[in-house]
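First comes the structure, then the notes that go with it.
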Amino acid sequence: MCGIYGILNLETNNSPGAALLSRMGRSVSHRGPDDEGVYCGRGIALGMRRLSIIDLAGGHQPISNEDETIWVVCNGEIYNFQELRDQLLAQGHIFRTKSDTEVLVHLYEQEGLEFVKRLRGMFGIALWDATRARLVIARDRLGKKPLYVWRGTQRLIFASEIKSILESPEVPRQMNLAALPEYLSLGYVPAPFTLFEGIEKVLPGHLLVCEKGKIHDQEYWDVRFDLIERHTEGEWIERVRETFLTAVKLRLISDVPLGAFLSGGIDSSAVVAAMARLTNRPVKTYSIGFEGDDQFYNELPYARIVASEFRTEHHEIIVRPEVAELLPKLIWHMDEPIADSALITTYLVSRLARESVTVILSGVGGDELFGGYRRYLSDNLQGYYRKMPGLLRKRWLPAAFSRLPQDRHSGWKNNIRYATAFLRAAEQDSVSRYASYVGVFSPDLRDRIMRAESSLGTSETLRHYFSRCANADGLNQLIYVDMKTSLPDDLLLLTDKMTMAASIECRAPFMDAELVALTSRMPSGLKIRGFSMKYLMKKVFQPWLPPSILQRKKRGFGAPVGSWFRKDLDFLVHETLSVRQILKRGIFDPQVVQEIISAHRSQRSDHTDHLLALISLELWSRIFLDGLEWQHVHTSPEAVADHP
């Protein structure tokens, strides 16, 4: 696990500045505290910071081939490197290390640009072919590892994190106003956009090939849902279980201690169960919980059931509202604002785990593969909804639910929130309906708060990916769009940045390429059966997991910030989103912002995501646009009082 970065001169063969490369490396030292390496050639400079996981002594990067005409830096892990290494040795290639990264240069020698299709892992790769004067930048299929580029007229700069790119004085620190509506709509910035003018995300499953002053973007992989296979339910259970066990086994390859995140949900519990079957030592598990009135998100009781079942070496941390003081630091690590409270919990549990392990396994991705989100029930709900009398479904029900209190931190109030969202979107087209389930600001509210009518409407990113899977059935359309948007640009990005902030490597068995391909060929009826989510997945893990885990209701992995915004963090809401501050920033209508705050405080509506999106954006602006060090961005009551 590393942070990689580099500079390519597009018009000259002059060596890029070593001083800039050094600054780029220091800015991501948290990604690789164990080692540092650089390569400077004609028109190219590559750098990396290394967190040593495999071949601790010999895995120094950059790594070259025998005659040093090909150089590579890699952030991530290639899980099938042993198999590839054996094949390459048989073909006459000579290896100097036992590192998985060295496989890349020889595989490229053997197969050219097709090399990336052979890789089973998570990665951001930069490979320099000196003979061709060609730079190849590659990102893994699902976007588990981040990778960014800035294209100037004379230079291309790339890095695992945006803050590295910003070390160059050529790169302006300007907000990408064209991406702001997408951020407000989704609560994150979808690829290829970032909220920085001129900086882009490399798309998952894509290569950038830079040669002869030109840059070509090539897609080398996409998930397919048009190859549905027919097997008995029992055969599917065995195939999924076997593939999952292989995925976990591959991710246990490490020369350093490893453990697992454990929320007590079916996904993380399945990972722990598989690890317990594949290792002869107690699994180290790490969980997070809450005290007092904030029990809706508290999953410790379930985590303890699983920890007891598999006799793990269990560790816990209790989170309190004071963790809001961490927000500036976490936004700095994220590089962009995000409306997802899981950044707090993920960072804290990662910091806890780093005290005893260097590698952690996570259950992220299980919902996307097996149908675990409530929004996946929408097609089935639509069938019942359409049978209702028009006056009831269009007027009476929406009016009745709009008068009821909503709060995601309460069981029945949260159900009202979901029902209201469904009714509000039920008459819309499928794309707009999906957007209303996953989005933050509706198009109307977004346009009101921005004081201008946007031409965006529903997110263009969502519409683009719906059009790419038009031939799939309704459920697989939703899964495909999730895999292309919220999974890489929210969940996986957040997981990477927050674990790397604690200098710990996170591996996600559910995101294994072979498992993803297998589930994409599975009939939808095995993912959602009636109103039962994760139907087949529960069958797969039924022999392993207690009934209380298999049958528990879905919970998001986040913090009760909506409740905190009404009480302990009320000061933060009013300081960052005051009329004075909103007018100073000059982007939003302060009256609309105050309406949102008032409605959330009174529980007329749940505006947790709206408030978190706006607060996150303001903190990001102070750090990256105003130039404040994150340590000087004040979020404690005392500091806010001292710095009006």
Side-chain angles (χ1 to χ4, degrees), residues 2-33 35-50 60-65 67-76 101 104-105 108 113 123-139 145-174 192 194 196-202 206-218 335 624:
C2 310
I4 65 171
Y5 43 93
I7 308 161
L8 174 68
N9 287 337
L10 298 173
E11 296 185 352
T12 71
N13 287 328
N14 297 334
S15 181
L20 172 56
L21 200 68
S22 179
R23 293 198 306 273
M24 293 175 71
R26 284 197 300 271
S27 70
V28 290
S29 59
H30 52 277
R31 295 190 74 93
D35 191 16
E36 180 178 13
V38 299
Y39 164 76
C40 293
R42 292 170 59 85
I44 186 70
L46 303 178
M48 58 78 63
R49 295 290 306 226
R50 184 183 180 214
H60 177 80
Q61 296 184 41
I63 288 180
S64 71
N65 62 344
D67 61 5
E68 297 189 346
T69 58
I70 298 172
W71 290 84
V72 70
V73 287
C74 176
N75 167 32
T101 302
L104 302 175
V105 292
Y108 173 80
L113 295 177
F123 52 82
I125 296 169
L127 183 147
W128 175 247
D129 182 339
T131 303
R132 293 175 173 266
R134 170 197 278 175
L135 175 66
V136 180
I137 296 173
R139 192 175 178 201
K145 305 310 297 178
L147 200 51
Y148 303 90
V149 296
W150 175 80
R151 312 181 198 196
T153 55
Q154 297 181 338
R155 278 183 169 183
L156 179 142
I157 304 176
F158 69 88
S160 297
E161 298 194 6
I162 291 174
K163 59 182 66 66
S164 271
I165 296 175
L166 294 175
E167 290 294 334
S168 171
E170 300 174 72
V171 181
R173 289 177 175 245
Q174 296 178 358
T194 75
F196 290 91
E197 187 68 44
I199 300 177
E200 299 178 351
K201 299 181 181 81
V202 177
H206 279 242
L207 292 170
L208 290 186
V209 182
C210 314
E211 194 171 6
K212 297 179 181 178
K214 296 182 179 180
I215 303 170
H216 302 282
D217 187 331
Q218 301 180 16
D335 286 324
F624 289 101

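Counting from 1, the numbers follow the sequence of the chain as shown. Quick note: numbers below take in every heavy atom, side chains included, and nothing from hydrogens, waters or symmetry partners.
Pro169 and Arg23 get closest at one heavy-atom pair: CD-NH2, 4.0 Å. Considering all non-hydrogen atoms of both residues, Leu46 and Pro62 come closest at O-CG, 4.3 Å. Nearest approach of Ser160 to Tyr148, heavy atoms of both residues: O-CE1, 3.3 Å. The nearest pair of heavy atoms linking Gly47 to Val73 is O-CG1, 4.0 Å. Summarising the geometry of Met24 relative to Tyr5, their closest heavy-atom pair is CE-CB, 3.7 Å, with the distance given to 0.1 Å. Contact record, Leu166 with Ile199: CD2-CD1, 4.0 Å, taken as the closest heavy-atom pair.
Atom CH2 of Trp150 is separated from atom CD1 of Ile165 by 9.5 Å, given to the nearest 0.5 angstrom. Here Leu21 contributes atom CG and Ile157 contributes atom CD1; the two are 10.5 Å apart, rounded to the nearest 0.5 Å. To the nearest 0.5 Å, the span separating NZ on Lys145 from CZ on Arg31 amounts to 5.0 Å. The distance from atom CZ of Arg155 to atom CG of Leu20, rounded to the nearest 0.5 Å, is 6.0 Å. Taking CD from Glu211 and CG from Leu135, the interatomic distance works out to 10.0 Å, rounded to the nearest 0.5 Å.
Side chains of Phe158 and Ile7 form no contact here, defined as non-hydrogen atoms less than 4.5 Å apart. Contact check for Cys210 versus Trp128: no side-chain heavy atoms found under the 4.5 Å cut-off. Between Met48 and Thr101, the closest side-chain pair of non-hydrogen atoms is not below 4.5 Å. Taking the side chain as every heavy atom from C-beta outward, Leu10 and Gln154 never approach each other to under 4.5 Å. Contact of the Val105 side chain with the Ser64 side chain is not registered, since no non-hydrogen atoms from C-beta on lie closer than 4.5 Å. The side-chain heavy atoms of Leu207 and Val136, taken from C-beta on, include a pair separated by under 4.5 Å. You'll find the side chain of Ile137 reaches within 4.5 Å of the side chain of Leu156, heavy atoms only. No side-chain heavy atom of Glu200 sits less than 4.5 Å from a side-chain heavy atom of Asp217.
Within the 3.5 Å criterion, the main-chain N or O of Ile70 finds no donor-acceptor partner in the side chain of Asp129. Asp335 contributes no side-chain N or O that, together with a main-chain N or O of Glu161, makes up a donor-acceptor pair within less than 3.5 Å.
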For this session: Quick one: do Asn75 and Leu147 satisfy side-chain contact (heavy atoms from CB on, under 4.5 Å)? Show the steps, please.
Result: CA-CA 9 Å; Asn75 167 32; Leu147 200 51; over 6 Å; no
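A salt bridge does not link Arg26 to Glu167: none of the charged nitrogens lies less than 4.0 Å from a carboxylate oxygen.
Under the 6.0 Å cut-off for aromatic ring centres, Phe196 and Phe624 qualify, their centroids lying closer than that.
Remark: Thr69 engages Asn65, Asp67, Thr131 in a side chain to side chain contact (heavy atoms under 4.5 Å, CB included) (not counting sequence neighbours). Under the salt bridge (charged side-chain N to carboxylate O under 4.0 Å, His left out) criterion, Arg42 pairs with no residue, sequence neighbours left out.
Note on ring orientation: taking the six-membered ring where Trp is involved, the planes of Tyr39 and Trp71 are parallel (angle under 30°, cut-offs 30° and 60°).
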